[in-house]
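Here's the structure we're looking at; comments come further down.
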Amino acid sequence: QQECLTIDTTNILFIFGGAFVGLDKIIEKRLSSSSLGFGGELKAQKEDSDAALRQLQPQDLIKFGLIPEFIGRVPVTVSLTALDEDALVRILTEPKDSLIKQYVKLLEMDGVKLVFEDEAIRAIAHKAIELNTGARGLRSIMEDIMLDTMFDAPDEKDVKEIIVTKAVIEKRAKPTVVTNGGEQSA
């Protein structure tokens, strides 16, 4: 005989999240009451997708493809706005385990000081916005930028400091390497 295990979910908060690509179009279509023909109005400007998502209704989620039985059990829906450049810069620098601090610490273990110029950090954030990847894309951008440096730095002798500039992020230059003799190379 099998025993059935039941769990009381009264005091459990369930949070569902995801990137619902295309949901904003469904909402915009519902909100637009434009008609075709001589009496129809032309819509001059496209609505902001963040503004559209704030108008989310359960029927939009059903039209998106979620089943009504599921939607009925999700009483509150909230949409989040996209992160701006300043927020991404804060994510890169402020947390105690931020990406910038991780790379600095990794090279510090090899006796090399890693310096990111402020413009370089801002360029990383800008690139994430351009690629439309948000905070999730920051790591892949950093990996792409730092791959050669992380591979080469431990083997090079007399490297004192590595400076990452905006030009490095934009792939127009290599990081500046300062040696113990004071020499700099890019």
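Annotation for I26 and F64: closest pair CD1-CA, 3.6 Å, computed over non-hydrogen atoms. Closest approach of L138 to A128, counting heavy atoms only: CD2-CB, 3.8 Å. The two residues K127 and K171 have their closest heavy-atom pair at NZ-CE, 4.4 Å. The two residues P175 and T149 come nearest to each other via the heavy atoms CG-OG1, 3.4 Å. Closest approach of K166 and A123 over heavy atoms only: CG-CB, 3.9 Å. Nearest approach of P95 to K101, heavy atoms of both residues: O-NZ, 3.3 Å.
Put simply, the side chain of T93 gets close to the backbone of V89: a donor and an acceptor are under 3.5 Å apart. Looking at D144, its side chain never comes within 3.5 Å of a backbone N or O of I141 through a donor-acceptor pair. When atom types are taken as modelled, the side chain of S98 and the backbone of I91 share no donor-acceptor pair closer than 3.5 angstrom.
Taking the side chain to side chain contact (heavy atoms under 4.5 Å, CB included) definition, one finds that D118 meets it with nothing, sequence neighbours left out.
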Step by step, would you call M150 with M142 a side chain to side chain contact (heavy atoms under 4.5 Å, CB included)? CA-CA 11 Å; M150 296 301 291; M142 291 285 295; over 6 Å; no

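Taking a cutoff of 4.0 Å between a charged side-chain nitrogen and a carboxylate oxygen, R122 and E119 do not qualify as a salt bridge.
Between Q59 and R30 the shortest side-chain heavy-atom distance falls below 4.5 Å. A 4.5 Å side-chain heavy-atom check between L114 and M146 finds at least one atom pair inside the cut-off. The side-chain heavy atoms of I27 and R54, taken from C-beta on, include no pair separated by under 4.5 Å. Using a 4.5 Å heavy-atom cutoff, the side chains of T9 and F14 are in contact.
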Side-chain donor-acceptor pairs under 3.5 Å in residues 68-79, sequence neighbours left out?
| unit_1 | atom_1 | unit_2 | atom_2 | d |
| --- | --- | --- | --- | --- |
| R73 | NH1 | E69 | O | 2.8 |

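Here the rule is side-chain contact (heavy atoms from CB on, under 4.5 Å) with E117, and of I163, I169, V168 only I163 fits it. With I162 as reference, V112 is the one residue of T176, V115, V112 to meet the side-chain contact (heavy atoms from CB on, under 4.5 Å) rule.
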